[in-house]
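Since the structure comes first, as structure tokens, the remarks are kept for the end.
Counting starts at 1 for both ligands and their atoms, in listed order.
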Amino acid sequence: METRELQLETVLDSVKDGFFMTNKSGEILSFNYSATQIFGYEKHEVIGQNISLLLPDSEQQKYAQYLLDVTNSTFGEQESKDYGVGIEMIALNKDGNTFPLELAISVLPSNDIVLGTVRDISERKQAELSIKSYVEHIETIMDTVLDGLITIDMRGVIHGFNAAAESIFGFRAREVIGRNVKMLMPEPFQSEHDSYLDNYHTTGDKKIIGIGREITGRRKNGYLFPMELGVNEMTVQGKTMFVGTVRDISERKAAEIAIDSYIRKLQISNSELDQFAYIASHDLKEPLRGLANNALFLEEDHADSLEGEGLRRIARIRFLCTRMEKLVDSLLYYSRLGRQDLAVEEVDLNELIDSVAELTLPEETTQSVHLLIPKALPKVTCDKPRVSELFRNLISNAVKYNNSARKEIEIGVKSCVNPHSNVLEQKVFYVKDNGIGIEGRFFEDIFRIFKRLNEEDDSVRGTGVGLTFVKKIVERHNGQIWVESELEQGSCFNFTLKLGE
Ligand code: ADP
């Protein structure tokens, strides 16, 4: 080899790109070190071979066409096609494996020599592929998300719009991408949005970033709707972008409005009912007292002419008047329970039950009554007199509706599922007895005013208001009450008191 050629070969071997040289018919004349690395051949294995050795059959035609294009442009010289950038091809290495390659060739017209530069782009292709599949992956995720996702840049221009956003706003992604996100909002949110972005530009102040808020959106058909918007910031290739999460809350808002109006109506009708109960019972009392007094006069002044049957009937009238008066008083009291403000304080339930039991139990019982409190009860925020009344009613019922020789009443606190809400409650108070029990079909009824299950036994049993008061008191303490029982198996009244929570 001549010195000049040797020098040239040394230079070429030190070049990072693969380099080869062929004559016009494709015979390889030169192959540098990097090319041997790329294709896996030793120099002597390729020199003298045809360049087609390095290409799979499927690429031969592409190479020939490329060579032709370059030759024409080189010989013609008139066109300035930029072949320097090269083309991507699939090449074949010594092991028979294909790999992606970037190839740039030029033709020296003077002596029909083809010079080629090659670069193995497997890694780059791999990276491109993984980025592509990553982006596709992200896009698939975005499209399966139920919330609308909108990506915008610092100027408010939309870059991404997922499937949920399409169905919320009625626009296809292609109709909004590249346009300003303001098109999705009515005034004054449009102008506000501009000033948000301006403000962010100048002060860096992120007013709504990370904070969800309710605003009004505008659909393609012009209809406005309430939506919840959360905005997060992200950096994509060094640029600040914002991702807005959008949720259409029309249905929730409509439900909230409906619930609000139901609550208002209920409050009005409740207070009207309380008023009615108060007025009605107040007015009822006067004629009732007149009736009772007249029966008394009859009894006192005309006892002689009335005889046995007459006197018995008058006694019955007086008994019924007294009973009626109790009922009217109960109604009055019930309406007061609903209207009066509670005097709330921190109360030690152990002390409260001690004093209730002291007042309630001795009178109630001629038989043995055992009150059991398995563990100390907590302090609760409540209206003390009302909660005393609550326990008084439950304890006296536990004694009244109990035929056991040894009457047992257990008072405690436990955690259990509240059947009204299906929620596990941590603090459920209960009063449990070993009494006559209650049939399941009456579990709701017993809390109704004047509802009694054992009416035959007038003298012992009450007026059917105790549990109604209990329920009202529980409800005034934001709690709920329910009973568990079986006939002959005792009853357990459970309730929550939630004023302090
Ligand atoms: P009353 O004045 O009749 O006691 P309540 O409202 O306290 O009224 O109770 C309503 C009905 O529920 C009672 O008539 C009774 O039949 C039933 N009841 C209440 N507590 C118990 C209990 N611990 N065991 C069995 N039945 C009960």
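The part of Lys451 lying near ligand 1 is the backbone, judged by heavy-atom distances below 4.0 Å. Of the heavy atoms in Val465, only backbone atoms (N, CA, C, O) come closer than 4.0 Å to ligand 1. With a 4.0 Å heavy-atom cut-off, ligand 1 is reached by the side chain of Ile438 but not by its N, CA, C or O.
Each of the following atoms of ligand 1 lies closer than 4.0 Å to a heavy atom of Leu453: 14 (O), 16 (O). Short contacts between ligand 1 and Gly437, defined as distances under 4.0 Å to a heavy atom of the residue, involve ligand atoms 25 (C). Under a 4.0 Å criterion applied to the non-hydrogen atoms of Gly466, ligand 1 contributes the atoms 5 (P), 6 (O), 7 (O), 8 (O). Within the listing of ligand 1, atoms 3 (O), 14 (O) sit less than 4.0 angstrom from a heavy atom of Arg452.
By the 4.0 Å N-to-carboxylate-O rule, Lys472 lies too far from Glu475 to be salt-bridged with it. Ion pairing between Asp445 and Arg448 holds under the 4.0 Å rule for side-chain N and carboxylate O. Ionic pairing of Glu309 and Arg312 is present here: one or more N-O contacts between side-chain nitrogen and carboxylate oxygen are shorter than 4.0 angstrom. Electrostatic pairing of Arg289 and Glu325 counts as a salt bridge here, judged by a charged N lying under 4.0 Å from a carboxylate O.
Contact annotation: Asp433 has at least one heavy atom less than 4.0 Å from an atom of ligand 1. Under a 4.0 Å heavy-atom criterion, Gly464 is in contact with ligand 1.
The side chain to side chain donor-acceptor pair (under 3.5 Å) search around Lys414 returns Asn494, not counting sequence neighbours.
Here the shortest heavy-atom distance to atom 18 (N) of ligand 1, taken over Tyr401, Phe442, Phe447, belongs to Tyr401.
In terms of modelled atom types and a separation under 3.5 Å, the side chain of Arg476 and the main chain of Leu337 share a donor-acceptor contact.
Considering backbone and side-chain N/O of Ile436, none are found under 3.5 Å from N/O of ligand 1.
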Between Asn350 and Asp348, does a side chain to side chain donor-acceptor pair (under 3.5 Å) hold up when you go through it step by step?
-> CA-CA 6 Å; Asn350 304 291; Asp348 184 332; 2.9 Å; yes
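Applying the salt bridge (charged side-chain N to carboxylate O under 4.0 Å, His left out) test to every pair with at least one member in residues 178-190, sequence neighbours left out, gives these pairs: Lys182-Asp194.
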